[in-house]
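Since we're looking at a predicted model, the values are computed, not measured.
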Amino acid sequence: MKRYIVFLKQVPASTKVGIDPVTKTLKRSSALTQTNPDDLYALQAALDLSRATGAEVVAVSMGPASAEEVLREALQRGADRAILLSSPAFAGSDTWCTSLVLASAIRRIGEYDLLFFGRMAIDGDTAQVGPEVAGQLDIPQITCLSAIENVSADRICVSRRVGNLTQRMEVKTPCAVMVSRENGELASPTLSGWRRAQAQEITRWSETDLGLDRSLIGLYASPTKVVTTAVPQVTKNIRWLDGGGEVFAIIQSFVQPSC
């Protein structure tokens, strides 16, 4: 059976997010949330391909209990089943520790043909998790995917955007692909999909289910250390100008006389 695994992340829906003064990480509970935009395009790419190949589409998200909303959206859009990776032990994981957790989940799911990731998450902008998972599993990776042209029993033909050039390549499967919104259009969710998503059970796995040592995951196991954070301070000096003479004088003060 063919299987595509899609990874989705719950991210803040606003830039007004608090930062924990001790851990220097985002206080995600302080903001409204959404599904990371690029991840939805990765899901759409998997769903489009599954219609041609008959593959099962499995949606996976790592996060707190509230991340179930992300998986409900994935089910509504057409994913066959969903798995939430949730535990206090996962909190604060950087991209390296996150990739360890996701790779462990993939191994537990079993055989797969393609892994779909969004190009990057809008709350971190690192674009590291997908490639790191591919590295953990020792499989090929395709970044900056622009189109999937053909899929055979053990290979995938794709094109990817490299600067101003388009590169066509054939890659052996299983492999990981990184998708962004340039890949296509999102299909609109349906009411029947929403009903199906609400009725479907979401599987939950913790570090115990994945066979992970707690000392290898989470904030304190993460090699990335945030020393300090700061919010840029923006000030404005506003003057009301009464007439054209004042405007002309200000402009003239900035104009350097020609030699």
Side-chain angles (χ1 to χ4, degrees), residues 5-12 17-31 33-39 42-43 58-71 74 82-110 112 114-141 143 174-179 202-229:
I5 307 176
V6 186
F7 297 87
L8 305 104
K9 184 179 182 182
Q10 183 185 56
V11 297
V17 184
I19 297 177
D20 190 296
V22 177
T23 64
K24 310 299 182 184
T25 59
L26 294 179
K27 296 169 65 175
R28 299 181 184 277
S29 60
S30 66
T33 61
Q34 63 176 332
T35 303
N36 183 58
D38 279 357
D39 297 351
L43 174 64
V58 182
V60 177
S61 185
M62 172 179 161
S66 61
E68 185 177 302
E69 297 176 9
V70 168
L71 295 174
I83 301 170
L84 176 61
L85 311 176
S86 187
S87 168
F90 299 155
S93 292
D94 67 354
T95 59
W96 176 256
C97 287
T98 298
S99 71
L100 285 174
V101 175
L102 298 185
S104 297
I106 293 165
R107 294 186 184 100
R108 172 152 189 186
I109 291 170
Y112 61 92
L114 294 169
L115 305 178
F116 287 83
F117 296 85
R119 183 174 64 93
M120 67 168 58
I122 60 174
D123 61 346
D125 291 345
T126 65
Q128 293 174 351
V129 171
E132 286 181 357
V133 171
Q136 296 281 357
L137 299 171
D138 194 23
I139 61 173
Q141 58 179 280
T143 58
C175 70
V177 296
M178 275 47 91
V179 184
I202 292 177
T203 302
R204 294 197 181 198
W205 289 343
S206 68
E207 74 279 7
T208 303
D209 299 306
L210 300 178
L212 286 170
D213 188 329
R214 291 173 68 97
S215 66
L216 300 177
I217 53 179
L219 176 64
Y220 297 105
S222 297
T224 303
K225 305 300 180 186
V226 180
V227 178
T228 186
T229 58

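- In this structure, L8 and S61 approach most closely via the heavy-atom pair O-OG, 2.8 Å.
- For the atom pair CG of L84 and CG of L71, the computed distance is 5.5 Å after rounding to the nearest 0.5 Å.
- Between the E207 side chain and the L212 main chain, no donor and acceptor come within less than 3.5 Å of each other.
- Between the side chain of D39 and the backbone N or O of K9 there is at least one donor-acceptor pair closer than 3.5 Å.
- For the pair Q10 (side chain) and S66 (backbone), a donor-acceptor distance under 3.5 Å is present.
- With rounding to the nearest 0.5 Å, the separation of CG in L210 from CG in L85 is 6.0 Å.
- Residues Q136 and R107 come closest through the heavy atom pair O-NH2, 3.2 Å.
- Nearest heavy atoms, S93 versus I217: OG-C, 4.3 Å.
- For A42 against G118, the heavy-atom pair with the smallest separation is CB-N, 3.8 Å.
- Taking each heavy atom of F90 and S206 in turn, the nearest pair found is CZ-C, 3.8 Å.
- Counting heavy atoms of neighbouring residues, nucleotides and ligands inside a 6.0 Å radius, atom CG of D138 does not exceed 12 of them.
- When side chains are defined from C-beta on, F117 counts as touching L102, because their heavy atoms get closer than 4.5 Å.
- When side chains are defined from C-beta on, V101 does not count as touching S104, because their heavy atoms never get closer than 4.5 Å.
- The line from CE of M120 to CG of D38 is 7.5 Å long, rounded to the nearest 0.5 Å.
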Residues Q34, I122; criterion side chain to side chain contact (heavy atoms under 4.5 Å, CB included); working and verdict: CA-CA 11 Å; Q34 63 176 332; I122 60 174; 3.4 Å; yes
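- Atom-to-atom distance recorded for L137:CG and C175:SG is 11.5 Å, nearest 0.5 angstrom.
- Q141 CD: more than 12 foreign heavy atoms inside a 6.0 Å radius.
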L43 vs F116, side chain to side chain contact (heavy atoms under 4.5 Å, CB included): CA-CA, chis, key distance, verdict: CA-CA 7 Å; L43 174 64; F116 287 83; over 6 Å; no
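- We find the CE-CH2 distance between M62 and W205 to be 14.5 Å, quoted to the nearest 0.5 Å.
- Between A221 and S215, the shortest heavy-atom contact is CB-O, 3.3 Å.
- Note that OG1 of T203 is 9.0 Å distant from CZ of R108, once rounded to the nearest 0.5 Å.
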